[in-house]
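See structure below.
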Protein chains: 2
Amino acid sequence: MEEAFRAGMAKMTKPEKAWIRDREGKEQAILKAAMTVLAERGFSKFGVNAVAKGAGCDKQLIYRYFGGLEGLADKIGEELADWIGREVSPDTRTDSYAETVADLLGKFSEALLANDLVRQIVIWELAESTPITVRLSAARSRALSDWISRTLKTAPSPSPRVDAPAINAILIAGVQHLVLAERSSGSFAGLDLDEAGRRRVRAAIRALCRSAYGEGEI
Amino acid sequence: MEEAFRAGMAKMTKPEKAWIRDREGKEQAILKAAMTVLAERGFSKFGVNAVAKGAGCDKQLIYRYFGGLEGLADKIGEELADWIGREVSPDTRTDSYAETVADLLGKFSEALLANDLVRQIVIWELAESTPITVRLSAARSRALSDWISRTLKTAPSPSPRVDAPAINAILIAGVQHLVLAERSSGSFAGLDLDEAGRRRVRAAIRALCRSAYGEGEI
DNA sequence: AAAAAATATCACCAGTAGGTGATATTTCGC
DNA sequence: GCGAAATATCACCTACTGGTGATATTTTTT
């Protein structure tokens with residue numbers, strides 16, 4: 001029926017392509033759809049069917065162009081390589097280690113709060129350990145540690161009497177977890193994470209940095 | 001065929017019950033299987049089929065006895081009500097707020113590290129917001145805050161100049177996140193979370209508490 | 001003993017997942 | 001123009017999900 005119709009109309013209309021040939025465009029569409037699905041619906045909905053549907057093409061193309069979900073996740077990882085560098089302005093003070101770390105934690109918090117994709121990847125890493133999450137985790141933590149060392153490089157060194165890497169790990173983990181909790185439940189440990197709560201957390205972070213890294217006297 | 005066989009044997013063997021009638025036992029088996037599935041395979045595998053298979057009974061019983069997965073999750077929440085009170089010995093010092101909080105964070109870390117079920121529930125809460133996670137979250141956070149206030153009740157009050165709730169939220173979030181990261185990737189922010197790393201984190205937590213809550217001079 | 005209620009299981013449904021072979025369409029090289 | 005290669009889609013497979021109606025079995029009540 002369809003063919004007969006098209007054959008009949010052939011003389012009055014253009015050949016009417018059944019689909020357009022645009023590999024690069026499709027690849028882009030697939031990659032974008034993959035990031036959108038992961039960012040907006042979470043890792044449990046991240047699959048070939050959902051991505052193909054989002055990209056408006058056949059799922060076979062995901063296998064052909066990216067080698068399946070794993071290859072697609074690798075590409076997302078590359079895309080992630082410098083996410084934080086893009087989103088964060090590099091205007092940190094350099095006069096004191098405590099203030100620099102506090103600034104850094106604040107910027108990190110804002111960047112993570114604004115980036116659905118990175119948050120979902122963090123959650124995915126916590127929830128599962130698969131080839132995909134291992135790769136994504138590597139890409140993300142590399143981007144993060146690069147950014148941190150880049151930011152702290154110009155700051156004065158902390159006192160060797162304190163274990164700065166351990167303290168920073170605790171503070172970064174705390175900030176990261178509070179951002180995740182804010183997005184999911186909106187509160188943590190009885191503390192409402194609304195605008196006022198976030199302000200208190202910011203102040204507490206700075207107080208912790210100052211007291212831990214000395215220099216309490218500005 | 002089966003019926004003919006059993007009818008034929010009826011005169012030589014016991015009636016041979018097709019199944020045993022043991023409602024309470026089945027309920028227990030289902031609840032236990034549900035907790036096992038969630039603890040060992042995570043929320044993404046937590047479903048009626050997996051739980052029924054684990055309990056060795058038909059999934060229909062989950063609907064009949066618990067009203068589906070939601071009711072089952074409620075029962076898990078009840079079971080969770082005092083998890084931390086069971087797993088943690090209450091021998092905390094009470095001579096200083098800083099030391100008490102540091103002790104509390106250490107105990108909380110140990111308890112969370114040892115309890116697969118609670119960790120998976122925390123991750124579930126971060127990943128999804130469904131009627132089930134909302135209820136589980138409520139049960140868990142109630143248990144946690146009860147335990148915290150019970151532990152801190154006998155401690156001296158912190159200086160009113162510091163925002164103790166905000167500081168504690170950051171530290172608890174940090175400890176919680178580090179435990180999750182230890183179980184998934186084994187490291188965080190470049191810090192290896194092996195025995196040595198955990199020791200450094202414990203020490204850093206105590207240092208943070210002491211510096212933030214004064215009393216740095218023991 | 002017969003009827004009623006409780007208990008447990010089975011068989012099936014529609015929906016969706018990941019994955020693949022066959023096929024249609026388009027473009028490029030000759 | 002013609003065949004080969006690239007491109008895109010379709011149709012189908014198996015496996016698993018949550019959910020439900022029908023049925024078989026056991027116990028209790030009458």
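Just so it is clear: chains get the letters A, B, ... in the order the sequence lines come, proteins before strands, and each one is counted from 1.
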Margin query: Tell me which residues in residues 33-54 of chain B lie within less than 4.0 Å of DNA chain D, going by non-hydrogen atoms.
Written below: Gly47(B), Val48(B), Asn49(B)

Margin query: Is Tyr63(B) close enough to dT20(D) that one of its side-chain N or O atoms is under 4.0 Å from OP1 or OP2 there?
Written below: no

Check: With sequence neighbours left out, what residues match Pro165(B) under side-chain contact (heavy atoms from CB on, under 4.5 Å)?
Finding: Arg200(A), Asp163(B)

Output a table of nitrogen or oxygen pairs between the protein and nucleotides 4-8 of chain C separated by less than 3.5 Å.
| from | atom 1 | to | atom 2 | distance (Å) |
| --- | --- | --- | --- | --- |
| dT7(C) | OP2 | Arg23(B) | NH1 | 2.9 |
| dA8(C) | OP1 | Asp22(B) | N | 2.6 |
| dA8(C) | OP1 | Arg23(B) | N | 3.3 |
| dA8(C) | OP2 | Tyr65(B) | OH | 2.2 |
| dA8(C) | N7 | Arg64(B) | NH2 | 3.0 |

Item checked: Counterpart residues, side-chain contact (heavy atoms from CB on, under 4.5 Å), relative to Glu195(B) (two or more places apart) -> Arg198(B), Arg199(B), Arg202(B)

Check: Got a sec, which residues hit side-chain contact (heavy atoms from CB on, under 4.5 Å) with Thr151(A), two or more places apart in sequence or on another chain?
Finding: Thr92(A), Leu104(A), Trp147(A)

Check: Has Glu87(B) got more than 12 heavy atoms of other residues, nucleotides or ligands less than 6.0 Å from its CD?
Finding: yes

Margin query: Show me the pairs that pass ring pair (Phe, Tyr, Trp, His ring centres under 6.0 Å) and involve residues 45-91 of chain B, at least two apart or across chains.
Written below: Phe46(B)-Trp124(B)

Check: Partners of Asp146(B) by salt bridge (charged side-chain N to carboxylate O under 4.0 Å, His left out), sequence neighbours excluded?
Finding: none

Check: For Lys59(A) and dA17(C), what is the distance between atoms NZ and P respectively, to the nearest whole Å?
Finding: 8 Å

Checklist line | side-chain hydrogen bond (donor to acceptor under 3.5 Å, both in side chains) against Arg206(A), all qualifying residues, sequence neighbours excluded | finding: Glu99(A), Asp103(A)

Check: Restricting to pairs with a member in residues 56-65 of chain B, which pass salt bridge (charged side-chain N to carboxylate O under 4.0 Å, His left out), not counting sequence neighbours?
Finding: none

Notebook entry, point to check: When the distance from CG of Leu72(B) to P of dG19(D) is rounded to whole Å, what number comes out?
Noted result: 12 Å

